[in-house]
Amino acid sequence: MVVAHPVLSKDKREDREPEAATGIYKKKAYSAKEYMVVAANPYASWVGKQIINKGGNAIDAAIAVQSMLTLVEPQSSGIGGGSFILYWDNKSKTLHAYDGRETAPSRVNIDLFLKDNKPMPWKEAVVGGRSVGVPGTLKALDMVHKQFGVLPWNELFDETIDLSAKGFTVSERLAKLVNLELHPGLRKFRTSSVYFYPEGQGLKAGQVKKNSALARTLTTIAKEGADSFYKGNIADKIVKAVEFASINPGFLRTDDMAAYEAVKRRPVCGKYKKHQICGMPPPSSGGINTLQILKLLEPYNLAQYPANSVLASHLFTQASRLAYADRDMYVADTDFSHLPFSAMLSERYLQDRGSKIRLDKDMGRAQAGKPFPHMNFASTQEYDLPSTSHFSIIDKQGNAISITSSIEFAFGSGLMVEGFLLNNQLTDFSFNPYKSNRAVLNRVEPKKRPRSAMSPTMVFDEKGNLMLAVGSPGGSRIINYVAKSLIGVLDWNLDIQQAINLPNITNRNDYTALEKGTSAEQLQPELEKMGHKVQIRDLNSGLHGFQIKNGMIIGGADPRREGVAVGL
């Protein structure tokens with residue numbers, strides 16, 4: 001295993017990454033016949049397998065997986081954050097989308113992150129209560145469980161409750177992230193400091209760590225249901241931690257918690273060659289922008305080029321520039337913007353956008369298109385930095401779930417309440433509500449959901465059968481990571497693990513990033529000749545997915561993280 005410790009910029013938010021790279025773990029595709037669970041930590045994968053073996057389905061397993069991730073991967077996701085969920089009901093052949101994204105408290109205003117009429121430094125805004133949104137993960141899981149769950153809710157938390165009380169073995173990744181001290185406030189809040197730095201020393205790999213507070217919290221949630229998180233003692237403690245935070249006290253109140261609702265939305269779906277690609281609608285940009293990238297590349301038939309060749313990589317970055325330009329201008333919570341996002345996916349619009357791609361030269365910074373010609377908005381470039389987790393599950397009946405969950409930056413707000421960390425998702429809003437006297441769509445507003453790049457994705461064949469599910473953490477780069485994996489499978493005929501293993505290449509309409517320590521580095525000279533500004537850096541995806549091929553389920557887990565695929 002090779003471990004790299006990147007140097008984090010103190011000045012440029014866009015140069016920060018959600019979590020530091022902690023090494024490469026060589027992995028091979030895992031095949032199974034009946035079901036598959038692929039999650040970001042072995043404990044989580046195995047608890048999902050146990051639930052399915054008990055007779056549970058994909059959503060039952062997902063609830064158990066998410067509760068376990070709250071314990072063993074606290075830096076990335078948990079019940080203090082939010083989620084986007086795609087659920088495939090194989091019996092009715094119907095795809096459902098559930099929005100469990102956090103909402104802004106009702107008492108915030110558009111200058112939430114302004115200080116002396118200027119945007120707060122990001123390293124200040126991320127810490128404490130000001131950045132905390134109403135957590136949505138539990139409500140979304142509860143919503144889909146009530147519609148599709150098989151096992152009783154109260155049986156889905158047993159393993160995590162037991163392990164919280166007895167103690168889990170701290171992973172190498174968690175220990176390294178704690179000791180890198182990425183979060184500027186984790187040591188400053190007593191509860192967080194005591195948990196992650198007992199006796200002043202950071203957690204160590206192999207150490208057995210108990211979390212009795214989380215055991216109590218999950219016991220309450222298991223017995224009394226998801227509403228016990230949003231009303232009563234747990235909600236009161238969340239609000240108190242936010243309102244009276246010693247740094248950046250926030251605006252969250254008990255009525256915000258009690259009023260939170262997950263939202264069932266219509267998935268974003270579109271054709272790529274003979275395949276149907278489906279993802280999340282806004283406030284996720286994942287469904288729209290992943291499809292944009294693929295559709296912009298479709299005329300070039302990437303199958304004719306070797307994987308990650310110079311020309312294929314160049315084309316990928318150009319399509320990405322155009323998609324990210326539109327993302328920065330137009331994607332926001334549509335309950336507030338009311339824009340018909342389908343305009344960004346129309347054939348005529350994408351043909352016009354694609355005409356800007358040149359085979360021999362980088363286009364430079366792309367301008368947003370005009371899918372809404374009578375609208376006048378300002379573009380901003382928020383690099384949302386979700387400390388995020390993704391897991392994909394398919395059960396014995398062929399039902400499947402693809403979930404991306406987040407608490408935003410590594411260790412969220414730094415505030416720990418009753419055994420779990422609270423998110424800092426409000427920093428995914430634009431800090432500047434207006435630019436050049438034009439409104440920014442992704443500005444902060446009461447009860448609004450911040451834009452996200454989280455991109456749980458499912459792919460269907462020409463007969464409408466599920467053939468692939470995938471997603472990733474990685475901040476605003478998630479869209480590129482997911483698109484890369486889809487191209488690997490659909491164009492280059494790789495299996496899901498091989499596609500995930502491909503070196504990462506990204507362009508968020510800024511510079512072309514090539515993954516450090518991989519064969520992608522060799523592309524730098526040729527790309528620079530084409531005008532690319534190239535950076536070599538760690539590109540720490542966490543892709544987890546499965547594909548169905550020739551009657552077998554093939555699972556893939558990202559070698560850049562510690563996840564595993566398990567099944568039968």
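Along the sequence shown, the residues carry numbers beginning at 1.
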(request) State, yes or no, whether a side-chain contact exists between L468 and Q547 at a heavy-atom distance under 4.5 Å. (result) yes
(message) Assess whether a salt bridge exists between K231 and D236, defined as any Lys/Arg side-chain N lying under 4.0 Å from an Asp/Glu carboxylate O.
(response) no
(message) Is there a side-chain contact between M257 and P135 in this structure, where contact means two heavy atoms from C-beta onward sitting under 4.5 Å apart?
(response) yes
(message) Any carboxylate oxygen within less than 4.0 angstrom of a Lys/Arg side-chain nitrogen, looking at D510 and R508?
(response) yes
(request) Output yes when a side-chain donor or acceptor of S284 lies under 3.5 Å from a complementary backbone atom of S455, and no otherwise. (result) no
(request) Could you give me the CA-CA distance, side-chain angles and deciding distance for M416 and F411, then say whether side chain to side chain contact (heavy atoms under 4.5 Å, CB included) is met? (result) CA-CA 9 Å; M416 196 171 196; F411 304 98; over 6 Å; no
(message) Using 0.5 Å steps for rounding, measure from the OG atom of S337 to the CG atom of D333.
(response) 7.0 Å
(message) Between D461 and K463 (salt bridge meaning N to carboxylate O under 4.0 Å), is one present in this structure?
(response) no
(request) Salt-bridge test for R253 and E243: reply yes if a basic N is under 4.0 Å from a carboxylate O, no otherwise. (result) yes
(message) Please identify which of these residues, R449, K447, R265, K448, meets the side chain to side chain donor-acceptor pair (under 3.5 Å) condition with D335.
(response) R265
(message) Is the distance from the ring center of F420 to that of F229 below 6.0 Å?
(response) yes
(message) Tell me whether the count of non-hydrogen atoms from other residues, nucleotides or ligands lying under 6.0 Å of CD in Q367 goes above 12.
(response) no
(message) Can you confirm whether I403 sits close enough to P456 that some side-chain heavy atom of one is under 4.5 Å from a side-chain heavy atom of the other?
(response) no
(request) For S405 and S77, test the side chains for any donor-to-acceptor distance below 3.5 angstrom and give the result as yes or no. (result) no
(request) For a side chain to side chain donor-acceptor pair (under 3.5 Å) with S389, tell me which candidate from R561, Q66, E73 qualifies. (result) E73
(message) Would the distance check show the side chain of N399 and the main-chain N or O of N90 forming a donor-acceptor pair, the cut-off being under 3.5 Å?
(response) yes
(message) Suppose we screen for ring-ring contact (aromatic ring centres under 6.0 Å, His included). Which residues come up paired with Y43, at least two apart in sequence or across chains?
(response) none
(message) Quick check for you: to the nearest 0.5 Å, what is the distance between L490 atom CG and Y272 atom OH?
(response) 7.0 Å
(message) Does either side chain, that of D326 or that of Y349, offer a donor lying less than 3.5 Å from an acceptor on the other one?
(response) yes
(message) I want to check something: taking the side chain as every heavy atom from C-beta on, are L421 and L415 in contact at a cut-off of under 4.5 Å?
(response) no
(request) Kindly indicate whether the side chain of V489, heavy atoms from C-beta on, has any atom under 4.5 Å from the side chain of V470. (result) no
(request) Using a 4.5 Å cut-off on heavy atoms from C-beta on, say whether the side chain of P433 contacts that of V440. (result) no
(message) Within this structure, what is the NZ-CD distance for the pair K139 and E102, rounded to the nearest 0.5 Å?
(response) 15.0 Å
(request) Could you tell me whether the side chains of S430 and N442 share a donor-acceptor contact shorter than 3.5 Å? (result) no
(message) Between K146 and D142, does any NZ, NE, NH1 or NH2 come within less than 4.0 Å of an OD or OE carboxylate oxygen?
(response) yes
(message) What's the separation between atom CG in L345 and atom NZ in K271, rounded to the nearest 0.5 Å?
(response) 15.0 Å
(message) Which label fits Y87 and H96: parallel for a plane angle under 30°, tilted from 30 to 60°, or perpendicular past 60°?
(response) tilted
(message) Counting only heavy atoms not in K264 (residues, nucleotides, ligands), do more than 12 fall under 6.0 Å from its NZ?
(response) yes
(request) Taking side-chain hydrogen bond (donor to acceptor under 3.5 Å, both in side chains) as the test, write out the residues that go with S320, two or more places apart. (result) N480
(request) Ignoring hydrogens and angles, tell me if any N or O in the side chain of R130 forms a donor-acceptor pair with the backbone of L112 under 3.5 Å. (result) yes
(request) Can you label the angle between the H145 ring and the W153 ring as parallel, tilted or perpendicular, going by 30° and 60°? (result) perpendicular
(request) State whether D256 and R107 are salt-bridged, where the test is any N-O pair (Lys NZ or Arg NE/NH1/NH2 against Asp/Glu carboxylate O) under 4.0 Å. (result) yes
(request) Answer yes or no: is there a donor N or O on one side and an acceptor on the other, between the side chain of R477 and the main chain of N540, under 3.5 Å? (result) no
(request) Decide if atom NZ of K370 counts as having more than 12 heavy atoms of other residues, nucleotides or ligands within a radius under 6.0 Å. (result) no
